[in-house]
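First the structure, in the form of structure tokens, and then the observations on it.
So you know, we letter chains A, B, ... as the sequences are listed, proteins then strands, and number each from 1.
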Amino acid sequence: MQYTFNDIEAKWQKYWVENETFKAENQSDKPKYYVLDMFPYPSGAGLHVGHPLGYIASDIYARYKRHKGFNVLHPQGYDSFGLPAEQYAIQTGQHPALTTEENIKTYRRQLDQIGFSFDWSREVRTSDPNYYKWTQWIFIQLYESWYNNDTQKAEPIETLMSKFSSEGNTAVHAACDADVETFSAEDWSSFSSKKQQEILLQYRLTYLAETEVNWCPALGTVLANDEIVNGVSERGSHPVMRKKMTQWSMRISAYSERLLQGLDTIDWTDSLKESQRNWIGKSIGAMANFKVIPNVTLSAVDGSREVSVFTTRPDTIFGVSFMTLAPEHELVSQITTPEQKDAVEAYIQSTSKRSERERMADVKTISGVFTGAYAEHPFSKEPIPIWIGDYVLAGYGTGAVMSVPCGDQRDYAFAKHFNIPIPNVFEGGDISEEAFTEKEKTIITNSDFLNGLPYNKAMKRAIFELEKIGQGEGKTNYRLRDSVFSRQRYWGEPFPVYYVNGMPQMIDKAHLPIRLPEVEKYLPTETGEPPLGRADVWAWDAKKCSVVSNQLIDDEAVFPLELNTMPGWAGSSWYFFRYMDANNDLDFASEDALKYWENVDLYIGGSEHATGHLLYSRFWVKFMKDRGFVGVEEPFKKLINQGMILGTSAFVYRLSYMFLNPKVEEAVGSKILKKLQNIYISHSEFISKGDLASDKDALKRLKNTLAEIAGLPNADTLENLIVVPLPIHVKVQYINASDELDIAGLKTDGEFGDDYKDAIFIGEKGDIIDGNSDVYKVGREVEKMSKSKYNVVNPDSICEDYGADSLRLYEMFLGPLEQYKPWNTAGITGVHGFLKKLWKLYVDDTGIKVSDTDPSKDHLKTLHKTIKKVEEDIESFSFNTSVSTFMIAVNELTAQKCTSRSILEPLIVLMSPYAPHIAEELWSQLGHNSSISTAAFPKFEAKHLVESSKNYPISFNGKMRFTLELPMDLNKEEIEKAVMNHEKTMAQLEGRIPKKIIVVPGKIVNIVD
RNA sequence: GCUGAAGUGGUGGAAUUGGUAGACACGUUGGACUUAAAAUCCAAUGUCCAUUAGGACGUACGGGUUCAAGUCCCGUCUUCAGUACCA
């Protein structure tokens, strides 16, 4: 009988569906185990071989846990809202719901053919109204909550309202907007209800706020930072503006400390925890307030203005020689003196043109302007000049810094550039060239009451003194910012929100879901409203409690609905709870189900979600815990990041070379020229993507750097000399690796233009080549699989040619789960051959050949060492090594001609998580009527591995020379005697007397002479 | 720059607590079977020297600890990923 994998796999896939083999029950005597994959976005391209990697691993683990007697929840679903479907809709006019449905069908077919043990009865789709109904509901709960810093918990907004009416807000410690006014209980009750609502909005966990976005008028949409290149849109090169928009935000910053602390309670990789820690960015330091010195020429100054700064090094406060405000800082306009007004305004003008990204990219250029104002040092009372500079970011801390040039490189560079004094406050060291490093900043000097103190004591003392004079306090700052929750898109969850007099109102739970309205086009409106602005039936009738036509909007009962939709991470922040009770109409999941399944025991997915999905989910879960909706504090107990499977792409590239005018060599000498070449090559900033010739700014920067290195007075000397600093391979286009291509046909002329006609080209080896001849070659590169790179390997054809079991085994065999690794289809013949060998171990021409004879000692030894290794491997997620173990076992048993049922039955159970189809088939041929998934995992018995002898490696001075078979029960002395008397030992020693003989019984013998 | 991970044959990768480096595969070479091919099976395969016996060298590089180091310690280099005027 042949191993007809296609038939066998189809047969068992059908069996599993018909018998609901993998359906999980919400109650059981067995212990529970919840294994989850990050659910996929169903893209139009379908699955490639990289996608199932994590699913295979989790499926093996889920099946293993079932064998081990657990009630396993292993569901799957789709993160089906998202941009690609919307883009496709814009281009084709097809409704995203239709294309999404199509894509899901493809995904499901592809997933099914790999033989996953998903419980599909629990499938969720984020774009399903029955699902997003509950996403909307959670949004409402966030709106109806505030964060109490005293209890460190979210509470219903009502408790805040009652605090306000009994004591005002002065004693309330809450996470809220920075600019909340203070009021008493009397004030509160005197406020209009609109004013009360406005104040409450500053406390809610989701709130409306003015946020700066990248607005592209030509495209009529908001762009993400990555969609902007050099200040213009990536698509179409249209100008992009910073624009303030009112958007929903999530007060995730309220949870900074808990999100940080919670990391210690979960089993994630260190690198992932570290990313989240960095993202949360806790820094401990102090706030210090510097009084602005009134200036007689400024009429408005009243002497009460203060510059607040955050610093992590309050011990350096006597090293302050200036202060720097972000150009956007609100004090700037108030304190600037008339003499400096023009300069300051010109500076603000020029910096506002640059995007935040540009500012951050260009770290080297130092710029700033003096405001003319001075602040008073809190202790020395010296006047300190106040500058503005764009190296200070408005968005972090207070948007102002106390500049300590001796201890901070940026302050140092700024001070040098503008000739500001650099007072030293540390003992020892040298600050003639650069600021002190962290290591050098130890003992404080020149600092009044801090003199002689080590920095950590000085920090405490400085904070104490600041608090004493009421000009500062200890403070912890977090980098984590609230996240914008609005998207100007169509294909996302609509907000359950309508507006009365501009104030948001939540729609009652009873009327959810608020379904996405129909629109005739998926683009923003001509007036710049989001796509939902095109909907005709998109108003809320507060009396009838239903969505009605916009035409009916009036002042009394019909109001406009929110036009934004929720971002992609909304639906994915809580879906793991929905699987627990996916078909519940009354609640997002029943209390019983939530209590039984608790949270995810094992979560597998990509590391690209480290600071997105994995942080937002933790935030929502903590919130839901606070409000009593769920019982757990963390969503994912253990998390594993599967590595990416990469494809090999082929492309045509044009060789470009660094080329310099010969004058450079004259000017700088050949030695420096060589140095320059190395710098070009190692300086990745300059060898950026594409052709540097088109990036004038980068070219200019390069010239400055070169001039500096070459010791030239200024970059002008190089003006006509340096042209393009390469070599790089400029990719011309990707090709299908197997295609023949007429490379000559791609040749183009005048690529560099006349600007560079005097240049000489220097090749990769330093040789001079003809600059006008472009050279095209075909290159190969291992990179992420992508349709546009023609390097995608499709699992369908693999399943057809080799079977799903081969695919599963091979993906695991490829290497450690967490590692990035290239796909190489050639290797699959190895595992496929192994499956055939396995088949032949059980089945011959006449059928199953198993016998009920007693197993030999060798058989038992092979089986039990396999059980032991495989169990250890699965527990440690080392799936690649267990595949090798299976190969070794089958090789050994084949050589031993084993047909014993008591060996072959447990062996196939061991393998069934990895290769479930062949396992089911052999299991049933062995005479079993029920699925192999119900069989118990074989039990390891150590007695079968007990050896009576050991093949000792005999080393001389640490080098193994030969091995010697000795009985296990010999003691040290007996082993030593046996080894020393051996003729090979004599031969090695050649009569020398050993200085020392190390004997480790059961391991090794080492003879030192 | 900072943080994290990694660097082992032609390739993917093994190696438990420091104890026989290169398991298991792919590829390559030779052979068997075949008219031939595929499939299958057998053998060899880290590099170098040697007819053999055997030997030398080998886990990015340089040191160190140890009877013994891929594994531990110090320093250096390289690659990948994340992050970045975060005060």
Could you check how far [atom1] of [X] sits from [atom2] of [N], rounded to whole Å?
X	N	atom1	atom2	result
A/Asn957	B/rA69	CG	P	11 Å
A/Gln409	B/rC86	CD	P	12 Å
A/Lys273	B/rU83	NZ	P	20 Å
A/Tyr952	B/rA68	OH	C1'	16 Å
A/Met960	B/rA68	CE	P	17 Å
A/Asp801	B/rA38	CG	C1'	15 Å
A/Lys836	B/rA38	NZ	C1'	10 Å
A/Ile1007	B/rU20	CD1	P	16 Å

Partner of [N] by Watson-Crick or G-U wobble geometry, both contacts under 3.5 Å, or none?
N	answer
B/rC57	B/rG46
B/rA14	none
B/rC41	B/rG31
B/rC86	none
B/rC72	B/rG64
B/rA23	none
B/rU78	B/rA6

With rounding to whole Å, what would you report as the distance between [N] and [M] at their [atom1] atoms?
N	M	atom1	value
B/rC24	B/rG30	P	23 Å
B/rG64	B/rC49	P	30 Å
B/rU78	B/rA60	P	16 Å
B/rA14	B/rG7	P	9 Å
B/rU40	B/rA25	P	13 Å
B/rA68	B/rU20	C1'	12 Å
B/rC86	B/rU16	P	42 Å
B/rU3	B/rA15	C1'	30 Å

Closest to the A/Lys837 side chain, choosing from B/rA25, B/rA87, B/rU83: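 Output: B/rA25.
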Nearest to side-chain heavy atoms of A/Thr963, which nucleotide of B/rC24, B/rU20, B/rA87: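 Comparing B/rC24, B/rU20, B/rA87 against the side chain of A/Thr963, the answer is B/rU20.
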Hey, are [X] and [Y] close enough for a salt bridge, meaning a charged N less than 4.0 Å from a carboxylate O?
X	Y	result
A/Glu892	A/Lys865	yes
A/Lys840	A/Asp844	no
A/Asp264	A/Arg277	yes
A/Glu973	A/Lys977	no

Syn or anti conformation of B/rG13, syn meaning chi within 90° of 0: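 What B/rG13 shows is an anti base, its glycosidic angle lying more than 90° from 0.
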Criterion side-chain contact (heavy atoms from CB on, under 4.5 Å) on A/Tyr412 and A/Cys406, from CA distance to verdict: CA-CA 6 Å; A/Tyr412 185 90; A/Cys406 73; 6.0 Å; no
First encountered from the 5' end of RNA chain B, between A/Asn951 and A/Tyr478: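 Its nucleotide being nearer the 5' end, the pick is A/Asn951.
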Aromatic plane relationship, A/Phe940 with A/His864 - under 30° parallel, 30 to 60° tilted, over 60° perpendicular: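 Rings of A/His864 and A/Phe940: tilted, as their planes differ by 30° to 60°.
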Crowding at NZ, A/Lys416 (>12 non-hydrogen neighbours, <6.0 Å):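 Yes, the 6.0 Å shell around NZ holds more than 12 heavy atoms from other groups.
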Less than 4.5 Å apart, any side-chain heavy atom of [X] and any of [Y]?
X	Y	value
A/Arg479	A/Ile280	no
A/Asp805	A/Tyr914	no
A/Lys837	A/Asn891	yes

Sugar-phosphate, base or nothing in reach of A/Lys995, heavy atoms under 4.0 Å: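 Nothing, no nucleic acid heavy atom in range.
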Sugar-phosphate only, base, or nothing, as touched by A/Asn891 at under 4.0 Å among non-hydrogen atoms: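 Contact class for A/Asn891: sugar-phosphate only.
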N/O (side chain, A/Arg479) to phosphate O (OP1/OP2, B/rU83) under 4.0 Å: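 No, because none of the side-chain N or O atoms of A/Arg479 sits under 4.0 Å from OP1 or OP2 of B/rU83.
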A/Asn477-A/Ser283 side chain donor-acceptor pair, cut-off 3.5 Å: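 Their side chains do not contain a donor-acceptor pair, so the 3.5 Å distance test is not met.
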No-hydrogen, no-angle side-chain donor-acceptor test under 3.5 Å, A/Glu257 and A/Tyr478: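 The criterion, which ignores hydrogens and geometry beyond distance, is satisfied for A/Tyr478 and A/Glu257.
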Summary of protein contacts for nucleotides 55-66 of chain B, nucleotide by nucleotide, where a base hit scores B, a sugar-phosphate-only hit scores S (4.0 Å, heavy atoms): SSS---------
Nucleotide-resolved protein contact map, nucleotides 2-19 of chain B, B/S/- at heavy-atom distance under 4.0 Å: -SS-------BSS----B
